[in-house]
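Step one of this worksheet: look at the structure below.
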Amino acid sequence: MADRFPIFLYSSIFLFASASIPPALSDFSIIDYGRSSKLFRADYSPPSPPPPSPPPHPPPISCEDLKGIGSLNTTCELNSNLNFTDDVYIEGRGNIYVLQGVALICPKMGCSIAINITGELTLKSNVEIVAGSVYIVAGNASLLGGSVINVTARAGDPPQPATGTPDDAQGGGGGHGGRGASCVMDNKKLPEEIWGGDAYAWESLDKPWSYGSKGGTTNKDEAYGGGGGGRIWLEADDVVDMCGMLLAEGGDGGVKGGGGSGGSIFIKSKKMTGSGKVCASGGDGFAGGGGGRVSVDVFSRHDDPIFLVHGGRSFGCPRNAGAAGTFFDAVPRRLIINNANMSTDTYTLLLQFPNHPLWTNVYIQNRAQATVPLLWSRVQVRGQLSLSSGSALSFGLVHYAFSEFELMAEELLMSDSIIKVYGALRMSVKIHLMLNSKMLIAGDSDAIVATSLLEASNLVVLKGSSLIHSTANLGLHGQGSLNLSGPGDVIEAQHLVLSLFYAISVGPGSVLRGPLKNASDSNMAPRLYCEQNYCPVELLHPPEDCNVNASLPFTLQICRVEDIIVEGFVEGSVVHFHLVRTVVVKSSGSISASALGCSGGLGHGELLPNGLGSGAGHGGRGGDAYYGGAYRRGGIAYGNAELPCELGSGSGNKSLTGATAGGGVIVMGSLEHSLSKLVVHGEIEADGESYGNYIKDGQFVSDIGPGGGSGGTILLFLHNLVIHNTATISTSGGHGSPNAGGGGGGRAHFHWSDISVGDEYLPMAIVKGTITVRGGIGRGLGREGGNGTLSGKACPKGLYGIFCLECPLGTYKNVTGSDRALCYDCPSDQLPHRAVHISVRGGVMETPCPYKCISERYKMPHCNTALEELIYTFGGPWLFGFILLSLLILLALVLSVARMKFAGGDELPGLVPNRRRSTIDRSFPFLESLNEVLETSRAEESLSHVHRMYFLGANTFGEPWHLLHSPPKEVKEIVYEDAFNILVDEINALASYQWWEGSVYGILCCTAYPLARSWLQWHRKEKVQQLREYVRSEYDHACLRSCRSRALYEGLKVAASSDLMLGYVDFFLGGDEKRSDLPPRLRQRFPLSLVFGGDGSYMVPFSLHSDNILTNLMSQSLPPTIWYRLVAGLNAQLRLVRRGHLRATFYPVISWLETHANRKLRSLGVRVDLTRFQPSGSGYCQFGLVVCAIDDENARPSSQEPDSPLLLEKQSRLPAVRWKKALNLVSEHAVMQKRICGEILHLNNVQKLGESLTLCYPFYYIIRNIRPVCHQDLVGLIISVLLLGDFSLVLLLLLQLYSISMLAVFWVLSIPPLGIVLPFPTGINALFSHGPRRSAGLARVYALWNLTSVINVVVAFVCGLVHFKTQSSGSKKHSNLQTWNISMDESGWWMLPCGLLICKALQARLIDYHVANLEVQDKTLYSSDPNVFWQG
């Protein structure tokens, strides 16, 4: 049959007549082709009416005739084998049971066994019915396991006309449901063009009743072919139990004959059970037979029987089995073509599909090959069209690709399958899924059918290296998503249009391509506009219908798509994105038109006779080639840089091996419809082709060749652009061959649409990647091509550059254009000090340029600090300073007057008038020790006083008071030693402090020392009160021997100095001791130790504490007035002693004792010496006086000798007397040193006095106790001025710091907390206090806060320094930032802190004067003349 096909083909050319068909095929007609032709000898015409009813049956036979038991109208049991010689007809109203193992056989070919009963037909196990045709109609039918109805290879004659049996001697297989295979090899034909027996009976596949065809033979004299399959009709009213087999297979032809085709099987019932086998497959042979036809019309199928309609195996060509037959499931109306994974090149014919009702699904499975051969056919189903497992579906004929086909379905599912279209295809589905599948459209034979349209309204997915390929024009439309999943997924055509999708995703490694590779070899290849010197209007104003139109310049267009994600490759000569919202090119993605432009073109290079050429030009001129000692000019530049759309040019002769092409064109958007957003991580390229050493078209390319192609065009109509770091946009020229020129760069243009200005402006581009339009390299002596052009739309006012960015800071632009030079510098004279220009949305369009202060602390519009605003509000620095100074003096005068009115009477210097009948001179410092001596004298206490025992320690948290164990010798006679030691333990325990009290003190010392001082004094006072109450009321005085003292609680008393640092315990007699030697007289107590209070610090200077008991005791040897004067003068001298400077400051005290005190006391037989007592275990050392008697009687002046002082003075001048006095003094000191627990300090050993330095040592230079000065009111006035000035400077400093930052204000106020603001209230409190003593104490607190605030000032200095250094480094960034001189100079940051430091230093000195004036109102206390001192 196959060898006659060409004869038919050529003869049919003259029979087909149609205006739309080429003349060579005008005489070809499918419908009118004669039945004698072998190509379409079957059902290639429209379907015929259903087949007629079976012929009249022979007379029915009875149960007895069948050798059965019973009756056909009741029950007939067949229990013996029967061989029929002719057709048999069995009819009855009962049941038929064919018992186990019974065989009903009609050996005649085409013999028929018909059974028509109303009851049940049951075939027991291993029952066999063999005939050519079996027709069964029953109420119920049961085929039990092992039973079989077999019509294999027993077919009668097939219907006429039929071409199922090959009539040649080539051993082809028989055809029926599918074509029979053919093993004939013909190099001039494709495998699918060669087959054996043809298919037939398509119109009755829903109720098949056709015999299969006999296979062909390899010998015309012998019929070796296998017989065709018979027919089986099984119809039951209710249930078919299919546990057996229905076999209508084609017969085997062996190696000398083709296999017969399968027969027909029809099953109809309401219900079907069982998992039997239904087979109408083709027979095996030299060439396999085609499968038969099976149809099942069963409403309910509970099990899964096996249905087989595959073709038979081919022994002559094992890879080409017979074509599969058809399996039609009538209830769901689905057609299944399954070849059971048998490889074949032979097709199953799919002819006309029914229009009403439509089939639901069509499945082509397991290597089945199906074809739709009728031209202008429609394949339409309601559900799925599924191809899987190596199956294939073809439309049209290979050599007659001038027809258009329609495919309509809900879903097109392809898995490992192929669809071939010869002609054009119009597909309309909702879902199109492809997995490792191909759709190949060969539409390049006729221009009329060159366009295929594939529409998938919901989803198109290509996965697993799937391919949609068209050799002509292809349009792919949809309303959902198009997804190319990964590597190998390709959609390509000569002209490719993708439109109407919501989203398109081009996965990694997948490709969208238009045109095809080597497109110039096809007559459907796009014709590029290489020689046009103008831009095609469709590129700038494309049509909005998105139809496939080969006349348009686009080779690949994506139209009316919302979002496009490119992770693979989009390639085309002219790529256009139209009516697209967003395009995202991932890092692995590429949109390329590189080397897809013109081979010639307007700017082609010059070719020399030896094949060398210059570079092609476009945006830049092509590079010159070097030949024969001279340069040959490269291609010219052409096109419009403002709106480019030209293709790149090539080497000029594409016929030459190694010819290069220019870059293509990539257009995104249009003048009317811009792209909303383009995000590029990967590449967008339209580079020219480079020349290199490679093999092209099987030929080796030498080193001598043309220049590089020029870059193409990238034209982007955009709203927003984002180019990431990894992105590249390139229209570079290609590299030339050695000594040839490089291609010129192409053109890239960014055409922005709807550029917002002013406050509505948003940046349109974020560019971090690479944009290049460079020319290609000219190798060897060849020159490189010129750079192309990179341009953008003219920007409105305030914007500049390709991407219409805001003009740089400090510039403005008031004209339209894109040049950077149009952004003019803002006038510097319009920029205030401490201001910087600021950017505004949309750029600065006019002057003056907007600015802001460099910090929010500066005030607009002049960017002054709050301090400067205040200064300039009052006329400037000088006028402000004058006003401030005047105001301070005025307020100080007011304060001084108010202070004098409020507390002036207590501060007036001079002598306090004596009380009436009082002989006490009050011209002494107002110290606690002196106040105590003015108390009412208690003579009874003085007379009973035995001894004063001093506490060791300073009564601090680190050095609390404590008493030594073992009673001193002075009281051993009046106390019990054991009880005394118990008392000492209790007192020491009570005198100690808790750990947390010291911790709080330590914290306060670090944060606010004046508060720490107050904390310490408060706890000292509490501790003294506790000790007093304990000894007075809680202790039972058990240590005293006196019963009266124990009973009255009067033998012990605890007291302390006014500074609460010196404590002591006084021991008194109870009155019942009955001892005449108690209490001892003063001279018996010598040497008498008197311990100083205080510690030599500013707040607590050394002082001698003298109460009434000590005064009364001293009155035994000294007149009270002399003692009072001595105490006052000594305390005045001790005020000047400073801790840390003891050696220097004790020296004047020792001198004063010698020149003033001892000179006066010597006449009274008494001497006083400065003493350092033995230090405690912690190293704390106490100082005091030692009072001793002088035994030299001659030294005592007689009261009867009025001139005795004069005589003494004269005697003392004698040398002998002087030596004697020195020796006596040394001996007295040595004796006294043994009797006291300490060391007497004199002028020789005071310099050896050791002392440790503390952290407060430097402060003793700032604040210290000094001698009084006059002019107390003037000192108070100056202090008031300085106090107000201090407060004013603090406020100004805080304003200055506020201009730096709030953090600086916080640090200054916090380190230490509020230290900088507290001197003012404490100073006011000190100035307005009543009484000199209280005022002096508060003034010392004021001095402490003033000194503490120095730390705050230092912090402010540091903040100012850091700010200045920061501003100095930052001023390099703000070149227009000006400095502030005396009026506005950042370098003057130090003025206020330094001024405040000076102010505080002056305050500290004046406070010292003020305190001295308050505490020492008798200036004669510091007289250097002893006579003046004692007469004061």
Point to revise | Residues Glu1239, Lys1248: salt bridge by 4.0 Å N-O rule | key: no

Practice item. State whether the side chain of Lys1053 and the backbone N or O of Arg1032 hold a donor-acceptor pair below 3.5 Å, judged by distance alone. Key: no

Exercise for review: Mind checking the CD1-CG spacing from Ile1263 to Leu1344? Nearest 0.5 Å is all I need.
Suggested key: 5.5 Å

Review point. Mind checking whether Lys1023 and Leu1060 have side chains closer than 4.5 Å, heavy atoms only?
Key: no

Review point. Using the ring of each side chain (for Trp, its six-membered ring), is Phe1429 parallel, tilted or perpendicular to Trp1152, with breaks at 30° and 60°?
Key: perpendicular

Point to revise | Donor-acceptor pair between Glu1029 and Gln1025 side chains, under 3.5 angstrom | key: yes

Practice item. Using atom types as modelled and distance alone, determine if a side-chain donor or acceptor of Asp1408 lies under 3.5 Å from a backbone N or O of Ala1343. Key: no

Study note, to complete from the structure: To the nearest 0.5 Å, atom CG of Leu963 lies from atom CG of Asn981 at 11.0 Å

Exercise for review: For Thr1420 and Arg1125, run side-chain contact (heavy atoms from CB on, under 4.5 Å): C-alpha distance rounded to whole Å, both residues' side-chain angles, the deciding distance at 0.1 Å, then the answer.
Suggested key: CA-CA 11 Å; Thr1420 61; Arg1125 191 65 178 174; 2.7 Å; yes

Exercise for review: Check the surroundings of atom CZ in Arg1028: do more than 12 heavy atoms from other residues, nucleotides or ligands lie under 6.0 Å from it?
Suggested key: yes

Check your understanding: Is the shortest heavy-atom distance from the side chain of Gln1272 to the side chain of His1410 under 4.5 Å?
Key -> yes

Check your understanding: Considering only heavy atoms from C-beta outward, does the side chain of Phe1173 approach that of Tyr950 to under 4.5 Å?
Key -> no

Check your understanding: Checking Asp1169 side chain against Leu1241 main chain: does a donor-acceptor pair fall under 3.5 Å?
Key -> no

Check your understanding: Going by the angle between their ring planes, with limits at 30° and 60°, are Phe1068 and His945 parallel, tilted or perpendicular?
Key -> perpendicular

Practice item. To the nearest 0.5 Å, tell me how far Met1114 CE sits from Trp1123 CH2. Key: 4.5 Å

Review point. Atom CG in Leu1078, atom NE2 in His947: separation rounded to 0.5 Å?
Key: 13.0 Å

Revision key, fill the gap. Applying ring pair (Phe, Tyr, Trp, His ring centres under 6.0 Å) to His1037 and not counting sequence neighbours gives Tyr1035, Tyr1049

Review point. What is the ring orientation for Tyr1064 with His1105, classed by angle as parallel under 30°, tilted 30 to 60°, or perpendicular over 60°?
Key: tilted

Exercise for review: May I ask you to decide if Lys1419's main-chain N or O and Ser1423's side chain share a donor-acceptor pair within less than 3.5 Å?
Suggested key: no

Check your understanding: Do the non-hydrogen side-chain atoms of Leu1164 and Pro1119 ever get within less than 4.5 Å of each other?
Key -> yes

**Study point:** Centroid separation Phe957 to Tyr993 less than 6.0 Å
**Key:** yes

Check your understanding: Can you check whether Val1168 reaches Leu1130 side chain to side chain, under 4.5 Å on heavy atoms?
Key -> no

Revision key, fill the gap. One should read off an interatomic distance between His1242 NE2 and Ile1150 CD1, to the nearest 0.5 angstrom, of 8.0 Å

Review point. Does Arg1135 use its side chain to pair, donor to acceptor, with the backbone of Phe1102 at less than 3.5 Å?
Key: no

Review point. Would you say the side-chain atoms of Asn1413 pair up with the backbone N or O of Val1269, donor to acceptor, closer than 3.5 Å?
Key: yes

Point to revise | Closest non-hydrogen atom pair between Leu1104 and Leu1134, with its separation | key: N-CD1, 4.2 Å

Exercise for review: Quick one: sort the Trp1015 and His1019 rings into parallel, tilted or perpendicular, breaks at 30° and 60°.
Suggested key: tilted

Study note, to complete from the structure: salt bridge (charged side-chain N to carboxylate O under 4.0 Å, His left out) filter on Glu977, not counting sequence neighbours, yields none

Review point. Has the side chain of Gln1084 got a donor or acceptor atom that lies under 3.5 Å from a matching backbone atom of Arg1081?
Key: yes

**Study point:** Nearest non-hydrogen partners of Pro1079 and Leu943, listed with the distance
**Key:** CG-O, 2.6 Å

Review point. Going through the distances and angles, do Arg1267 and Val1416 end up as a side-chain contact (heavy atoms from CB on, under 4.5 Å)?
Key: CA-CA 8 Å; Arg1267 296 185 180 187; Val1416 184; over 6 Å; no

**Study point:** Under the ring pair (Phe, Tyr, Trp, His ring centres under 6.0 Å) test, residues paired with Tyr1409 that sit two or more places apart
**Key:** none

Review point. Sub-3.5 Å donor-acceptor pair from the side chain of Arg1143 to the main-chain atoms of Leu1249, do we have one?
Key: yes

Review point. Looking at side-chain heavy atoms only, is the closest gap between Leu1153 and Leu1185 below 4.5 Å?
Key: yes

Check your understanding: Is a donor on one side and an acceptor on the other found under 3.5 Å between the side chain of Asn1346 and the backbone of Lys1400?
Key -> yes

Review point. Can you name the salt bridge (charged side-chain N to carboxylate O under 4.0 Å, His left out) partners of Glu973, sequence neighbours left out?
Key: Arg1075

Study note, to complete from the structure: Hits for salt bridge (charged side-chain N to carboxylate O under 4.0 Å, His left out) against Asp1095, two or more places apart or cross-chain, chain-then-number order -> none

Review point. Should Asp1107 and Arg948 be marked as a side-chain contact (heavy atoms from CB on, under 4.5 Å) after you check the CA-CA gap, both sets of side-chain angles, and the distance that decides it?
Key: CA-CA 12 Å; Asp1107 57 357; Arg948 173 167 290 180; 2.6 Å; yes

Check your understanding: When you measure from the side chain of Gln1116 to the backbone N and O of Leu1082, does any donor-acceptor pair fall under 3.5 Å?
Key -> yes

Check your understanding: Taking only residues two or more places apart in sequence, or in another chain, which ones meet Arg1013 in a salt bridge (charged side-chain N to carboxylate O under 4.0 Å, His left out)?
Key -> none

Practice item. Give the intermediate values and the outcome of side-chain contact (heavy atoms from CB on, under 4.5 Å) for residues Leu1062 and Trp961. Key: CA-CA 9 Å; Leu1062 179 64; Trp961 280 341; 5.6 Å; no

Check your understanding: What are the two closest non-hydrogen atoms of Asp1059 and Gly1093, and how far apart are they?
Key -> OD2-C, 3.4 Å

Check your understanding: Would you find more than 12 non-hydrogen atoms of other residues, nucleotides or ligands less than 6.0 Å from Tyr1147 atom OH?
Key -> no

Check your understanding: Taking all non-hydrogen atoms of both residues, which atom of Leu964 and which atom of Val984 are closest, and how far apart?
Key -> O-CG2, 3.8 Å

Exercise for review: Would you indicate whether the side-chain heavy atoms of Arg1139 and Thr1145 approach each other to under 4.5 Å?
Suggested key: no

Review point. Where do Pro1101 and Arg1340 come nearest, in terms of heavy atoms and distance?
Key: CG-NH2, 4.4 Å

Check your understanding: Between Gly1165 and Arg1083, what is the shortest heavy-atom contact and its length?
Key -> O-NH1, 3.2 Å

Point to revise | Non-hydrogen side-chain atoms of Thr1348 and Pro1010 separated by less than 4.5 Å | key: yes

**Study point:** Value rounded to 0.5 Å, distance of OH in Tyr1124 from OG in Ser1115
**Key:** 8.0 Å

